[in-house]
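Shown next, in structure tokens, is the structure this report addresses.
Note that the structure is predicted; figures quoted are calculated from it, not measured.
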Amino acid sequence: MQVIQSVVKDCPDLTKLFAFVHQLRSSTDPAMNSVASSLSTRQLLRIAKRLAVFPSKDFHNVVQKACLARFLPRLPKVSLDQALEAADIRKDMQNLDTDYSDKDMTCEVKEGKLRIGRTSIPLYNPENRTKVPDILFYENHQHLMVMEDMMKDFLLGEHLLLVGNQGVGKNKIVDRFLQLLNRPREYIQLHRDTTVQTLTLQPTVKDGIIIFEDSPLVRAVKEGHVLVVDEADKAPTHVTCILKTLVESGEMHLGDGRRIVPHDSGMKPSAELIMSHPDFRMIVLANRPGFPFLGNDFFGALGDIFSCHAINNPDMESEMEMLKQYGPDVPEGTLRKLVQAFGELRDLADQGLIAYPYSTREIVNMVKHLQMYPNEGLTAVVRNVFDFDSYNNELKETIVKTMQKHGIPFGATEAVVNLARLMPLPKFELKGKLQISSQGDRKHTALMTLPMETTNVSMKGPIEIAIQKFKLEKEESRATTFSEQEAFWSLPMNETTVISDIAVTKAENRSQGKGSSDIIHIATANPVGLFTLNPRTSEAGFIDMYDLFPGISGSYRPRVKLAPLAEPLDDNLLVHEEVANVLLSINYERGEVVRISSSSLPETQIEKRLFPSKPVQNPNPYKMLPSTLPNSKGTVIFFKQGGDEIIAFTGPHTHCISLPVNIEEVLQVGDNKWTLTATDNKKYLIHMNADNDFIFSHIDEQDIDLKLLASAPLPLSDVQLSKSLDKPTSGSNRVVVTPTSYATILSGFPDSSSIEVFSVPRTPLASNSITGKIDPMLGLLGKSTSSAPASKSRGAILHLPNSGQIVRSIPPWKLPENVYEKDQKPRDASGFLEITDVVNRTLRYIPVPGATRTSPYTSWLYDISDSSVLMAPASNDGLVTVDTGGCIRMWETALVNIERSLEEWRRMIGYGDDKPLQVTYDKESGRKADGPKHGKTDPTGAAHHGGNTWAGGTGGSNTAGLGGIGGPYRLDGGHSKVYQVPQWEKDQVPEEVKKAAREMAQKAFKERLKEINMSEYDAETYEKFSGSVRSQVQSLRVVLDSLQAKGKERQWLKNQSYGDLDDGKLIEGLTGEKSIYKRRGEKEPELGTPQEKPKRIRLVVDVSGSMYRFNGYDGRLEREMEATLMMMEAFQNYEEKFKYDIIGHSGEDHKLEICKIDKIPANNKERLVILKTMHAHSQFCLSGDNTLTATKHAIDSLAEEEADEHFVILLSDANFDRYGISPRRFGQILRSNDKVNAYAIFIGSLEDQATQLIKELPMGHAFACMDTKNLPQILQQIFTSTMLSSS
């Protein structure tokens, strides 16, 4: 630190950073030592210089950048992150560049200076402008941030190293960077045959004579140009290492005897001396090391002499911004599908599940193709990229699945169009008239007989609730079939959660700069919570409000309603819990909750008794009417159902209006206009003017009796109205819904005093429909629509204003019989969407797929809605639904929108835990172990505890069962409660009893083995295990394909300056090349070199009694068998590259040979025998544990074998405490032999045993895997971790 502070002027305080670096250097982990080498003193000096000029407290980003953490193998990367967290070096969230607005992150050249973001640099004035790059470059936010970061290092005089995958735009970024700086460029591309001679001299034939000219490197040094070295990872490391002295000291010896020296060396120029130009810079481009690019680790060899930058594919928004410029005529939806699909493929590549990281280059070429040939199908264009991968069936399956998931119709044809059948809607008929009372009946509520009391709103809070953020998996529905459904997501809910309401904050109501996407809100009860989802990005959050409401009891069933607000309050949401009459304002972006109270809206006390003395007789009468036309005041109406009060919330005030009638229902019919239905079914119109005065008018019904269920808040246009009524008509109007009509148009309402009522009568329910029976979803199937209160229809009826559609959510039993032919009605539908198109006079019924889960409390939903599918309108006449299982679906129902989407879809095609809980009780048996026996079999299957008669019981003595003492072997009767005898009582079993039990167990074990070997191949049993890990086998094979040769071999080393003359280098020798010799020696294998020896893998499996004993608790034995089968299937056909065996350990043996290296299972039957052997041994073996002995023996014996690499992988449970195993001693054994890479994977854990145990073991050598789908990623971490360790 003293050295750096003495060299760097105004050096910032780097004490924490230096302490972290010294901690890494002192680590005994080879991977961490390799990471520490990236933070050399030279690199720390560079960091200090940069921080002195460009201050930042974000040491986390500094370390990540210096180590190129983005491209570290997964295990060292995780270890580095853990070490950073332990050193209290975290991301500085307050100083991240995320506060850059799009306006800040721009690029401009002005007054002789280049500005990128907030950094400026004077433009260069070159003598030779012809070598300044001039390229087509479309700027985007992420690339500008990278170039600003490069500019900072350029200002400090640093040479740059850019590392990234192929096709991410490294060359484009560098060329654009030099173009903006006005700097001439020299370019050289390296390859595997590049030598020191070709790096410095360039042979050219002139007039039949070979002459040598200066290479681009020498020209750049002489003339002060920027040398761009491309594909630096492809050249041999001993060649690229000659760049080290040039970058480090400015000196370099050329093959012809000349010498490059720094410009400030004080030497005089001569024919032998080349003075380095002060403006000379070098920018080196390299791919990340390893598979699939098979390049050398250039960063590991020379990284610390450069300022390093990791170049990633652009983020989603940056990539969209760039692609829109490449393909301005390509539909934005198509671009977004491509970006999302390729983004997921890159994530799969990062996880090691596929080999090639598909880059921006591929997607740009596809968009350019679509721009030039718009009529060519997207499917054919995508196939141009993936055709080579079609030879690998598993990889092809992964790609097709990913493409279809994001709506790219692989395999779809024009014929696969499944739209609901259009049925004609009868003509509208004049049914009667309405008369609104004239102005003479007007009464000002503040002055007349209808008083209005205005009070201030009381607010408590805010309190902050942590938002649980996560990303949902979006499933596009139009991949192979075109239907009205666009996409769907599944919310992560527990089995007791009940969906209560859905609402949408529309993009048009959001503040400028907050995004152009709708925000979907889902309210839940039991517990009360709020989900939010951005459908464009699939980013979701959950606010748990469990602590804000009383606990769920027999009398309290919360009903939660939502009301979104408009700007400037668009990031807030009103949440009304109707039972307790609690009103909250929630900021769903920050998690701030404010409790709103008013004397006009009294809260209801909830009885907290679990079993109430009597049911609730008088439920809370106050209902919230969310506005579909939210305004800047945040006006929300509440009404007292059955009472005479309306409460209007307008910002900080509430207005309580007393009415001369009792209210049954209130519906919004315009901005600040509502219809009121009294309990006697009389209708009234209420209008609130700008002064918050309320005008009350009576609506007289003439020859008609309307029961209003829902109303459109906006009118139909004159064109729509005329088309609906089939005659020229104009003026004010509203579409309403009644129980006896599909749709009713009130022509002249609400602005005229005389109103005509046109209606389309609804076809009555078929007489043979199921009525009066129990609905499995709602409880009461046969509830009549006409008798249902209108308040229950709010989530089940809505209006889409632009298309003039009425959408109703109906249960399956209400579906008319003529919609489907016989036996064609969908059987698994949770409901249907009835689409009444009043403009086109059509009727459709769209099936909603059945819910994937059903809560036992779903009957609560009947208190909320008649339908099991709740709806909310979205932007552009879209529709969002949610079912009882928490599945959110987006729909497109407007015919105009469907026709447009179908045309785009055709162009894309190319046309012209449910396991039962097992509870374990530790209980003294009070019995003696006096002789083992199998026990009687209870034909009733009843559970037995603590006896000594029945087989399969728990906590007993002498018989076969679980948790007892003195029995011959374990036998799981499948019961949920297990009584466990303490270990000390087991230890007191007499030796003669133990011996007898052992002999009986051995006999049963041998009989079982005989039965296994003699039984026919059990395909069903094998498929049970194989089917669970089939996709994981493919993922693991991708990992195995990517593993490289590690061991050193003696071989001929070529391109040497001494040794034996290489016959293949005679011509080079004649032309002056000096590295024309070869010699024998050990050489690190090049990436991609075939292995001379196989990698040796030993799988050590735990087949002790605890695996069988606790299998019913967490499925650990089955999980271990699945993991073993996955490895056996994955290693099939890799016998030359990998050699493996399987060793078991239990309480009676530490080296049970389950699968020998020379008897690898060749078919499914042989693999099944191994699985059954593991299961049988675990059932019949003695209690005890030999984990330490087995691990030590496996490591020591494997180290004696010759192999490319040695791996010991231990599968075990984390039940160390029971047998007194020391984690410290176990960790020492794992690290006992440098030749063997040993790792432990814990696949069983009681509570957090595994988590705590991993913390006590060497970092990166222990993992917890409670789901076999995570095992390939763990094995990838294990295998790739050796890339950073020395052989």
Steps toward side chain to side chain donor-acceptor pair (under 3.5 Å) verdict (Ser1146, His1177):
CA-CA 8 Å; Ser1146 65; His1177 186 90; 2.8 Å; yes
Are [X] and [Y] close enough for a salt bridge, meaning some N to O gap below 4.0 Å?
{"X": "Lys1095", "Y": "Asp1204", "answer": "yes"}
{"X": "Lys1151", "Y": "Glu1153", "answer": "no"}
{"X": "Arg1096", "Y": "Glu1205", "answer": "no"}

How are the rings of [X] and [Y] set to each other: parallel, tilted or perpendicular (split at 30° and 60°)?
{"X": "His1193", "Y": "His1150", "result": "perpendicular"}
{"X": "Tyr358", "Y": "Phe342", "result": "perpendicular"}
{"X": "Phe1242", "Y": "Phe1226", "result": "tilted"}

Identified salt bridge (charged side-chain N to carboxylate O under 4.0 Å, His left out) counterpart of Glu1201 within the set Arg1098, Lys1093, Lys1139:
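Result for salt bridge (charged side-chain N to carboxylate O under 4.0 Å, His left out) with Glu1201: Arg1098.
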Are the side chain of [X] and the backbone N or O of [Y] linked by a donor-acceptor pair below 3.5 Å?
{"X": "Glu1120", "Y": "Asp1102", "answer": "yes"}
{"X": "Asn1186", "Y": "Thr1189", "answer": "no"}
{"X": "Ser1178", "Y": "Met1174", "answer": "no"}
{"X": "His1261", "Y": "Ala1238", "answer": "yes"}
{"X": "Glu1135", "Y": "Asn1133", "answer": "yes"}
{"X": "Arg288", "Y": "Asn165", "answer": "no"}

Kindly say whether the aromatic ring centers of Phe1180 and Tyr1108 come within a distance under 6.0 Å.
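Ring centres of Tyr1108 and Phe1180 not closer than 6.0 Å.
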Tell me yes or no: between the side chains of Glu344 and His406, is some donor less than 3.5 Å from an acceptor?
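Side chains of Glu344 and His406: pair found under 3.5 Å.
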Any side-chain donor paired with an acceptor under 3.5 Å for Asp1213 and Ser1106?
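Present: a donor and an acceptor within the cut-off.
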Other residues, nucleotides, ligands: >12 heavy atoms within 6.0 Å of Asp1196 CG:
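Correct, the count exceeds 12.
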Picking from Glu1129, Met1121, Glu1122, what satisfies side chain to side chain contact (heavy atoms under 4.5 Å, CB included) with Leu1125?
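Among the candidates, only Glu1129 passes.
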